[in-house]
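Reading through the structure tokens given below for one structure.
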Amino acid sequence: MSDPSAGHGGYVSFEDFFERTFDALLARAIMLCGDRDRAEQAIADTYVKAYNRWEQIGAPWAWAVKVMSRELAAAARRDKRRRDKEVKRMLEVPLPPDMLPEEKAEFALVMRAIRQLPRRQCQVIGMYYLCDMTQREIAETLGIRRVTVAGNLRIALRALRHLLGVTAPAPAEPGDMLVPAPRPAPAGTRAAVADPVAARLLFAATWLARGSRADGRARARVREQVRAHLPEGERG
């Protein structure tokens, strides 16, 4: 999956931005929250905000993943009772028709693994590896301390390495207690797969995005939500 963060000049219009980033943004939202309906609502709200501030946004993709992450974090805080009682089930999402059986098995393994994480760990690791947010940005988004972010990252990485059967990368420099693993390159680039956990998460995000693109129904639902908030003369 190519990283669509080409800067404002890389998108000829808001519509171009929506079309080129929708599937990747939805994939990341689903992996952050594990709920397709909540993910769609979060990215619909994000695109409405992007439309209203389009001329002021310098790097739309980076801006959108951060706003989407804040939307999901706010929704989780509002819905704490449901979150605490939520029964984790296998999320039903459309997958591309050309997906091989072994790829489906790998996808299911990754999705089961991240859904076994506590919600906070799932949020943190998704923001770090899939949304390319720094620990400081994650802390500000979730309203927690940076050291808490680092601790959740370390625990989540340890759990995912066990669940996915991957080997840990080289340790951080001595004394660097806040860095749980080498920082990956921006999500979706070749260098990002240097960390095996990042590679598996990006694999799942890629297939989610391709499934969304092939299915098209989520795109249509979100487009209608966004259009409903646009000025009447611009809803064509």
Side-chain angles (χ1 to χ4, degrees), residues 1-8 10-11 13-54 56-79 82-83 86 91-96 111 114-115 119 122-133 137-138 140-142 186-188 201-202 204-230 234-235:
M1 183 189 306
S2 60
D3 177 20
S5 56
H8 197 189
Y11 304 102
S13 63
F14 169 78
E15 177 65 22
D16 179 46
F17 171 66
F18 179 92
E19 288 296 327
R20 289 169 57 188
T21 61
F22 176 83
D23 300 304
L25 193 63
L26 177 62
R28 283 156 173 77
I30 288 173
M31 293 183 73
L32 280 174
C33 73
D35 185 306
R36 189 171 59 182
D37 292 338
R38 186 178 294 177
E40 289 183 15
Q41 185 61 58
I43 67 170
D45 293 343
T46 298
Y47 281 121
V48 169
K49 291 179 178 179
Y51 176 86
N52 291 331
R53 305 175 190 178
W54 184 246
Q56 289 75 49
I57 302 173
W61 172 253
W63 181 91
V65 293
K66 291 177 176 62
V67 172
M68 174 270 290
S69 298
R70 288 198 294 269
E71 292 287 333
L72 288 175
R77 286 192 292 269
R78 290 193 301 268
D79 205 11
R82 175 185 167 187
R83 181 180 75 238
E86 184 181 70
L91 183 66
E92 294 183 4
V93 290
L95 295 173
M111 295 302 289
I114 62 173
R115 299 207 74 201
R119 185 173 294 268
C122 186
Q123 289 174 323
V124 167
I125 205 162
M127 290 179 188
Y128 187 77
Y129 281 107
L130 297 174
C131 299
D132 197 39
M133 295 172 66
E137 288 170 332
I138 296 169
E140 291 171 353
T141 298
L142 297 177
L201 295 177
L202 289 166
T206 297
W207 285 111
L208 276 173
R210 289 186 61 184
S212 169
R213 192 175 305 118
D215 180 74
R217 287 176 293 181
R219 180 186 293 262
R221 287 192 295 268
V222 171
R223 183 184 293 280
E224 285 306 308
Q225 289 188 62
V226 174
R227 281 177 174 166
H229 289 83
L230 302 185
E234 300 181 22
R235 297 179 186 177

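All values below come from the heavy atoms of this structure, side chains included, with hydrogens, waters and symmetry mates left out. Worth saying up front: this structure is predicted, and the values here are computed from it rather than measured.
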For [X] against [Y], the heavy-atom pair lying closest together:
| X | Y | result |
| --- | --- | --- |
| C33 | R119 | O-NH1, 3.5 Å |
| V124 | I138 | O-CD1, 3.8 Å |
| W61 | L25 | CH2-N, 3.8 Å |
| A27 | A209 | CB-N, 3.8 Å |
| R227 | E224 | NH1-OE2, 3.1 Å |
| D16 | G10 | OD2-O, 3.9 Å |

For this session: Going by the side-chain hydrogen bond (donor to acceptor under 3.5 Å, both in side chains) test, name the single residue among R38, K49, Q41 that passes it with E71.
Result: K49

Problem set entry | Qualifying residues under ring pair (Phe, Tyr, Trp, His ring centres under 6.0 Å), relative to F17, sequence neighbours excluded | Y11, Y47, W54

For this session: State which residue, out of E137, M133, M68, fulfils the side chain to side chain contact (heavy atoms under 4.5 Å, CB included) condition with M127.
Result: M133

Exercise. Going through the checks in order, is the side chain to side chain contact (heavy atoms under 4.5 Å, CB included) test met by R213 and F22?
Worked result: CA-CA 9 Å; R213 192 175 305 118; F22 176 83; over 6 Å; no

Looking at [atom1] of [X] and [atom2] of [Y], how far apart are the two atoms once the value is rounded to the nearest 0.5 Å?
| X | Y | atom1 | atom2 | answer |
| --- | --- | --- | --- | --- |
| M111 | L201 | CE | CG | 9.5 Å |
| L32 | C131 | CG | SG | 5.0 Å |
| L208 | L95 | CG | CG | 7.0 Å |
| T46 | K66 | OG1 | NZ | 12.5 Å |
| Q123 | I114 | CD | CD1 | 12.0 Å |
| R28 | L72 | CZ | CG | 13.5 Å |

Exercise. Within the distance-only criterion (no hydrogens, no angle test), does the side chain of R36 pair as donor or acceptor with the backbone N or O of A218 below 3.5 angstrom?
Worked result: no

For this session: Could you go through the side chain to side chain contact (heavy atoms under 4.5 Å, CB included) check for V65 and D132 one step at a time?
Result: CA-CA 9 Å; V65 293; D132 197 39; over 6 Å; no

Exercise. After noting the C-alpha distance and the side-chain angles of R210 and D23, does the key distance pass the side chain to side chain contact (heavy atoms under 4.5 Å, CB included) rule?
Worked result: CA-CA 7 Å; R210 289 186 61 184; D23 300 304; over 6 Å; no

